[in-house]
Student: 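Okay, handing you the structure first.
Values in this document were obtained by computation on a predicted structure and should not be read as measured data. Side chains are part of it too, since the values below use all heavy atoms of this structure and drop only hydrogens, waters and symmetry mates.
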Amino acid sequence: TLSDGRVMGHKQLYIEILRFDADCTLAYNNLGVMLIDSRETVTLSDGRQLNSKQLLVEALRCDSTNFSIYTSLLVAMGDDKTVTLSDGRVLTPHQLNCEGLQCSTRESLASSCVVA
């Protein structure tokens with residue numbers, strides 16, 4: 001229950017978050033993950049209807065360094081042969097996996113750096 005009395009489920013709450021912050025990686029990611037096992041779409045406040053894969057592409061647009069988003073997007077792709085990212089690149093599951101692994105490697109290297 002929100003302070004104004006509205007009662008919202010998780011999906012509606014994430015949609016509401018995106019109404020105020022269109023670049024909220026966490027909201028796109030969590031909505032996308034919630035919809036992975038369904039053909040359901042959600043309608044955002046800007047009128048776009050997005051499915052799981054499209055929501056996860058939006059999450060990557062906001063944060064292309066988050067390895068878990070790549071992993072979730074691979075699952076959401078299912079039998080799809082390609083996914084089009086927000087920058088226009090069309091990737092196969094293998095290419096998406098490689099990109100995610102490169103991202104993960106960069107994160108590991110960055111976190112292991114020690115400033116003298």
Student: Partners of Arg89 by side chain to side chain donor-acceptor pair (under 3.5 Å), sequence neighbours excluded?
Tutor: Asp87, Glu99

Student: Nearest 0.5 Å please: distance from the CG atom of Leu96 over to the CG atom of Leu60.
Tutor: 7.0 Å

Student: Excluding sequence neighbours, so at least two apart, what forms salt bridge (charged side-chain N to carboxylate O under 4.0 Å, His left out) with Arg61?
Tutor: Asp23, Glu58

Student: Under the side chain to side chain donor-acceptor pair (under 3.5 Å) rule, collect the residues that match up with Ser3, sequence neighbours excluded.
Tutor: none

Student: Mind checking salt bridge (charged side-chain N to carboxylate O under 4.0 Å, His left out) for Asp79 and listing every partner two or more places apart, or none if nothing turns up?
Tutor: none

Student: Flag the pair Thr84 / Val57 as yes when at least one side-chain heavy-atom distance between them is below 4.5 Å, and no otherwise.
Tutor: no

Student: What pair of heavy atoms forms the shortest contact from Ala59 to Thr25, and how long is it?
Tutor: O-CG2, 3.8 Å

Student: Once salt bridge (charged side-chain N to carboxylate O under 4.0 Å, His left out) is applied, do any residues pair with Arg39, and if so which ones, sequence neighbours excluded?
Tutor: none

Student: Of all the heavy-atom pairs spanning Pro93 and Asp80, show the shortest one and how long it is.
Tutor: CG-O, 3.9 Å

Student: So which heavy atom on Ser64 is nearest to which on Tyr70, and how close?
Tutor: O-OH, 2.9 Å

Student: Atom CG in Leu44, atom CD in Gln49: separation rounded to 0.5 Å?
Tutor: 9.5 Å

Student: According to side chain to side chain donor-acceptor pair (under 3.5 Å), who are the partners of Thr41, at least two apart in sequence or on a separate chain?
Tutor: none

Student: Can you name the residues that form a side-chain contact (heavy atoms from CB on, under 4.5 Å) with Ser38, not counting sequence neighbours?
Tutor: Leu35, Glu40

Student: Nearest 0.5 Å, what's the CE-NE2 distance between Met34 and His10?
Tutor: 5.5 Å

Student: How close do Gly32 and Ser52 get, heavy atom to heavy atom, and via which atoms?
Tutor: O-OG, 2.6 Å

Student: Rounded to the nearest 0.5 Å, how far does CG of Leu31 lie from CD of Gln12?
Tutor: 9.5 Å

Student: Side chain of Tyr28, backbone of Tyr14: donor and acceptor closer than 3.5 Å?
Tutor: no

Student: Taking side chain to side chain donor-acceptor pair (under 3.5 Å) as the definition, give me every residue that meets it alongside Asp63, ordered by chain and number, with sequence neighbours left out.
Tutor: Thr65

Student: Only counting residues at least two apart or in another chain, list the ones meeting side-chain contact (heavy atoms from CB on, under 4.5 Å) with Val7.
Tutor: Thr1

Student: Of all heavy-atom pairs between Thr82 and Met77, which one has the smallest distance, and what is that distance?
Tutor: C-CE, 3.6 Å

Student: Answer yes or no: does atom CG of Asp21 have more than 12 heavy-atom neighbours from other residues, nucleotides or ligands under 6.0 Å?
Tutor: yes

Student: Under the rule for side-chain contact (heavy atoms from CB on, under 4.5 Å), what residues qualify as partners of Gln95, not counting sequence neighbours?
Tutor: Leu91, Thr92

Student: Please list, chain by chain and in numerical order, all residues satisfying side-chain contact (heavy atoms from CB on, under 4.5 Å) with Thr71, sequence neighbours excluded.
Tutor: Phe67

Student: When rounded to the nearest 0.5 angstrom, what is the spacing between CG in Asn30 and CG in Leu26?
Tutor: 4.5 Å

Student: State the CG-CD distance between Leu56 and Gln54, to the nearest 0.5 angstrom.
Tutor: 10.5 Å

